[in-house]
Amino acid sequence: FFTDWNTYFNQLIQLFKRNNGSIIKRKVDLNLLNNINHNIIINCSGAGSNDLLEETNTPLIVLGHLLKIKTSKPMNSPLSKPISYNFSPGIDIYKNYTNDPLDVYFYPRSTDWVLGGSRFIGTLDENGQWAPDSATSEVYPREILDLNKEILHHSFDINIEDYPIKSEYKALRYVRDINNGIRIVPTETHSSMVIHNYGHGGAGVTLSWGSAYRILNIILRSQSNVQQEVIETISQLDFS
């Protein structure tokens, strides 16, 4: 479900609204969150969190390349389950300029197939634009097409050349820090509690439910009148 983002994210929004949530769009200063009239504020601004005064380190921004193939053909196993894969061919076959091993992957969606990928390290320049550590990071890796083409042919008898509509994309991952990029911590700002939730890199959707669960625990444990049995009930909630 995480690859069909337009469908999945819309369902999350509808779930939020069905549970009496409301959406208000406005610009905010992350360093002046005290002007938001709420007791609890959760900062999920992603790379925007780099504007926080407490974020003093140079941010780690990882560039990824994608190849999208236009097709509505489903990719299912003999058991009618969607097929996807992630394959690491080894450092002798696919790596970046720092000799870190890279992998390729394939995710089918309802309107296209997504083939990847790459991980090239960089940061943000003074204009907020991505600045690579090496000029070679700007070159689209041929391995994304070549390796996926070979896998799809030998494993699923699919010839990529039969699908002529292909588009190359670049995307950025806000990894924040190479050692411990994810930041899920509460801080006190005047009369509000701010819980930061960012730095998930390229795994935001994968880690989203676990991150939300941790934040809910932080909120409940901060309330002195919350009983332990209420906290334990969280794991039994139905989000369907």
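Values in this document were obtained by computation on a predicted structure and should not be read as measured data.
Rounded to the nearest 0.5 angstrom, N43 CG and Y198 OH are separated by 6.5 Å. Note that OG of S211 and CG of L216 are 12.5 Å apart. Values are rounded to the nearest 0.5 Å. To the nearest 0.5 angstrom, S192 atom OG is 6.0 Å from N39 atom CG.
Checked for salt-bridge contact, D103 and R119 meet the test: a charged N lies under 4.0 Å from a carboxylate O.
In terms of hydrophobic clustering, with Ile, Leu, Val, Met, Phe, Trp and Tyr side chains grouped at heavy-atom distances under 4.5 Å, Y105 and I83 are assigned to different clusters.
Smallest separation of non-hydrogen atoms from T111 and K70: O-CD, 3.6 Å.
Two rings, from F120 and H65, have their centers less than 6.0 Å apart. Separation of the Y107 and W113 ring centroids does not fall under the 6.0 Å cut-off.
Residues forming a salt bridge (charged side-chain N to carboxylate O under 4.0 Å, His left out) with R142 (at least two apart in sequence, or on another chain): D146. For S155, the side-chain contact (heavy atoms from CB on, under 4.5 Å) criterion is met by I151, not counting sequence neighbours. Partners of I178 according to the side-chain contact (heavy atoms from CB on, under 4.5 Å) rule, which considers only residues two or more places apart in sequence or in another chain, are L60. Partners of F16 under the ring-ring contact (aromatic ring centres under 6.0 Å, His included) rule, at least two apart in sequence or in another chain, do not exist in this structure. For D112, the side-chain contact (heavy atoms from CB on, under 4.5 Å) partners at least two apart in sequence or on another chain are K68, R109, V114. Among residues two or more places apart in sequence or in another chain, the side-chain contact (heavy atoms from CB on, under 4.5 Å) test is passed with N31 by D29, L52, L53.
Under the 4.5 Å side-chain criterion, counting only non-hydrogen atoms from C-beta, S88 is not in contact with P101. Two residues are said to be in side-chain contact when any heavy atoms from C-beta on lie closer than 4.5 Å; R176 and P59 fail this criterion.
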